[in-house]
There are 2 protein chains.
Amino acid sequence: MRPDSAEMPEFSPRQNAVLEQALRLLVQGGEKALTTSGLARAANCSKESLYKWFGDRDGLLSAMIAYQASKVRTHERPGERLTADLLRDHLELFARDLLEVLAGDVSLALNRLAVGQSSRDGSKLGKLLLEHGRRQIDRRAIALIEQGKRAGLLRFDNADAAYHTLYGLIVSDLHVRMLLGEPGLKDNARQAQKAVDAFLTLHGTQKQSADALSAFAGR
Amino acid sequence: MRPDSAEMPEFSPRQNAVLEQALRLLVQGGEKALTTSGLARAANCSKESLYKWFGDRDGLLSAMIAYQASKVRTHERPGERLTADLLRDHLELFARDLLEVLAGDVSLALNRLAVGQSSRDGSKLGKLLLEHGRRQIDRRAIALIEQGKRAGLLRFDNADAAYHTLYGLIVSDLHVRMLLGEPGLKDNARQAQKAVDAFLTLHGTQKQSADALSAFAGR
DNA sequence: CTCTTTGCGTACCGTACGGTACGGTTCTGC
DNA sequence: GCAGAACCGTACCGTACGGTACGCAAAGAG
């Protein structure tokens with residue numbers, strides 16, 4: 001999936017470099033550190049150019065989100081034949097990736113920015129962030145569990161609901177806690193493993209489920 | 001649990017009224033609407049009094065969180081004899097309460113505020129919010145599931161981990177989505193019910209578990 | 001070589017904020 | 001009824017932001 005034909009602004013290399021600096025400033029000092037003057041100074045450009053390229057400050061923020069999203073393209077998995085172990089591996093990989101993404105500096109900074117703006121801009125940035133940043137990873141997971149269902153390894157009616165269950169098991173309240181400033185987990189892999197265990201207990205079809213239930217709750 | 005003896009600032013009725021106005025301003029217009037001048041005007045007090053009472057703007061924000069937390073006291077459940085049905089009812093009640101609290105205007109506004117500040121103040125507000133706002137509700141749930149374990153209705157090793165599982169099943173990514181400006185759920189009760197079903201499937205001891213597993217995943 | 005575009009650097013403007021100072025008014029203790 | 005504190009309303013200050021204007025250098029087009 002490359003050029004989504006329409007709806008892609010796409011920026012020049014120079015503009016990308018400026019957006020990179022903007023992200024750096026945002027990560028380092030939060031929203032208040034991302035001033036037009038400061039960005040012009042950091043990126044060695046003029047404020048006038050900023051306004052010419054991005055319109056106004058909101059346009060700059062939107063461009064930052066679009067730019068960051070354009071960097072993270074999810075690699076579509078080839079449709080290999082799924083086994084129970086393979087499904088578990090892929091689910092755990094997804095869980096680790098998800099935790100890693102959510103804990104990333106830039107992700108946290110952009111989410112904080114969008115949350116802070118959501119009161120005043122009608123959640124425009126929030127929508128953008130969910131569209132560009134999350135739909136990709138959502139699709140990857142939903143495709144995976146639907147593949148698991150077709151292979152007879154998972155059971156559920158509503159793939160969306162099942163995915164939300166998986167998401168909740170993986171993330172719990174960690175994302176909000178990190179947005180509030182708490183440090184992340186010590187061991188993402190361990191959390192991923194336990195979450196996938198629980199998910200397979202709920203939605204897996206293997207008779208191993210029963211054993212896993214004991215193992216999961218019991219230890 | 002009444003007066004925590006120490007560490008409670010406690011404000012005068014007049015100051016509480018001012019804080020109420022501050023919360024109103026914050027809910028209506030976000031952080032940028034919460035200016036000292038605006039608050040003084042809305043609350044019919046002088047800026048000088050604001051600074052006398054709360055020190056500076058950060059002190060005001062902290063006071064708002066403390067005040068809001070002081071309004072929400074969790075009602076400790078009496079330690080009645082638990083049955084499976086009773087446990088499920090209490091868990092569902094907790095889940096509905098949690099969803100309702102998280103979706104509340106004031107809660108969302110304060111969380112947005114703390115998230116926005118977390119970049120620049122070393123997450124002071126975030127810590128405050130988690131301490132005052134969440135520990136109460138956390139304790140209530142953990143007490144409940146530990147009671148369930150003592151009654152032989154639940155099984156787990158780490159009550160904290162089990163609680164986080166429950167939390168994730170109830171909330172998933174809903175809290176962050178709402179912080180970003182998305183509307184809440186259409187039916188909190190339905191979500192609460194499904195989450196508790198899943199939680200009991202994972203951690204319940206009833207042989208019903210097996211049936212529930214089918215019912216849960218299959219429907 | 002010249003014209004035009006692009007963009008950098010800087011200076012500038014209006015505004016609005018956090019915080020302080022002051023005169024006048026109400027409330028409280030005696 | 002009086003002194004002192006608490007407090008309100010307003011005016012004020014310094015600062016820093018978003019956004020605009022201008023002068024000038026570099027680069028591509030003809």
Side-chain angles (χ1 to χ4, degrees), chain A residues 9-26 28-65 67 109 112-114 116-122 124-125, chain B residues 9-26 28-65 67 109 112-114 116-122 124-125:
Chain A
E10 292 285 337
F11 303 106
S12 77
R14 176 72 180 117
Q15 289 164 6
N16 283 342
V18 170
L19 292 174
E20 195 67 44
Q21 287 298 315
L23 287 175
R24 199 178 57 82
L25 287 180
L26 184 69
Q28 284 187 349
E31 179 182 356
K32 73 148 200 185
L34 185 61
T35 68
T36 52
S37 312
L39 176 57
R41 204 176 314 118
N44 288 325
C45 72
S46 73
K47 290 172 66 174
E48 196 168 13
S49 300
L50 292 181
Y51 286 100
K52 181 172 206 166
W53 293 333
F54 308 111
D56 58 2
R57 193 170 188 272
D58 278 356
L60 173 65
L61 303 184
S62 302
M64 290 169 64
I65 290 181
Y67 166 66
R112 290 196 183 106
L113 176 67
Q117 297 280 337
S118 71
S119 329
R120 32 189 190 259
D121 71 346
K124 180 168 155 289
L125 283 187
Chain B
E10 293 285 336
F11 302 107
S12 75
R14 176 75 179 114
Q15 289 164 5
N16 283 342
V18 170
L19 292 174
E20 195 67 43
Q21 287 297 316
L23 287 176
R24 198 178 59 82
L25 286 180
L26 184 69
Q28 285 188 346
E31 178 182 357
K32 72 148 201 185
L34 185 62
T35 68
T36 51
S37 312
L39 176 57
R41 204 176 314 119
N44 288 326
C45 72
S46 74
K47 290 173 66 173
E48 196 169 15
S49 300
L50 292 180
Y51 285 99
K52 181 172 205 166
W53 293 333
F54 308 112
D56 57 2
R57 193 171 186 271
D58 278 356
L60 172 67
L61 303 184
S62 302
M64 289 169 63
I65 291 180
Y67 167 66
R112 290 198 182 106
L113 177 67
Q117 297 281 338
S118 71
S119 331
R120 32 188 188 257
D121 71 346
K124 180 167 153 290
L125 283 187

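Chain letters run A, B, ... following the sequence lines, proteins first, then strands; residues in each count from 1. None of these values were measured; they are calculated from a predicted model.
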Closest to the B:Y51 side chain: C:dG18, D:dA21, C:dG7?
C:dG18
What heavy-atom pair brings A:L50 and A:C45 nearest, and what distance separates the two atoms?
CD2-SG, 3.7 Å
Enclosure of A:R41 CZ (heavy-atom neighbours >12, cutoff 6.0 Å):
no
Whichever of B:K47 and B:Q15 has its nearest DNA chain D nucleotide further upstream toward 5'
B:Q15
Rounded to the Å, how far apart are B:E48 CD and D:dA5 P?
14 Å
Rounded distance [0.5 Å steps], OG1 in A:T36 versus CZ in A:F54:
12.5 Å
What is the distance, to the nearest angstrom, from the CG atom on B:L60 to the P atom on C:dG18?
10 Å
Can you list, by residue number, the residues of residues 17-25 of chain B that have a non-hydrogen atom closer than 4.0 angstrom to DNA chain D?
none
Measure the OG1-CZ distance between B:T35 and B:R57 for me, rounded to the nearest 0.5 Å.
8.0 Å
Base, sugar-phosphate or nothing for A:R14? Non-hydrogen atoms, less than 4.0 Å.
sugar-phosphate
When you match B:R57 and A:S49 each to their closest nucleotide on DNA chain C, which lands nearer the 5' end?
A:S49
Nearest to side-chain heavy atoms of A:N44, which nucleotide of D:dG9, D:dT20, C:dG9:
C:dG9
Closest non-hydrogen contact found for A:R112 with B:S119 is CD-OG, 3.6 Å
Atom-pair distance (CZ on A:F11; P on C:dG7), nearest Å
14 Å
Atom CH2 of A:W53 and atom C1' of C:dT5 are separated, to the nearest Å, by 14 Å
Please give, in whole Å, the distance from D:dA21 P to A:L50 CG?
16 Å
From A:N44 CG over to A:R14 CZ, what is the distance, rounded to the nearest 0.5 angstrom?
7.0 Å
For the side chain of A:T36, counting heavy atoms from C-beta on, which of D:dG23, D:dG18, D:dC8 is nearest?
D:dG18
Between D:dG18 (P) and A:L39 (CG): distance, integer Å:
10 Å
Nearest-Å distance, CZ (B:R41) to P (D:dA11)?
12 Å
Atom pair NZ (B:K124) and CD (B:Q117), whose distance is rounded to the nearest 0.5 Å:
9.0 Å
Rounded to the nearest angstrom, tell me the gap between atom CG in B:L61 and atom P in C:dC17.
15 Å
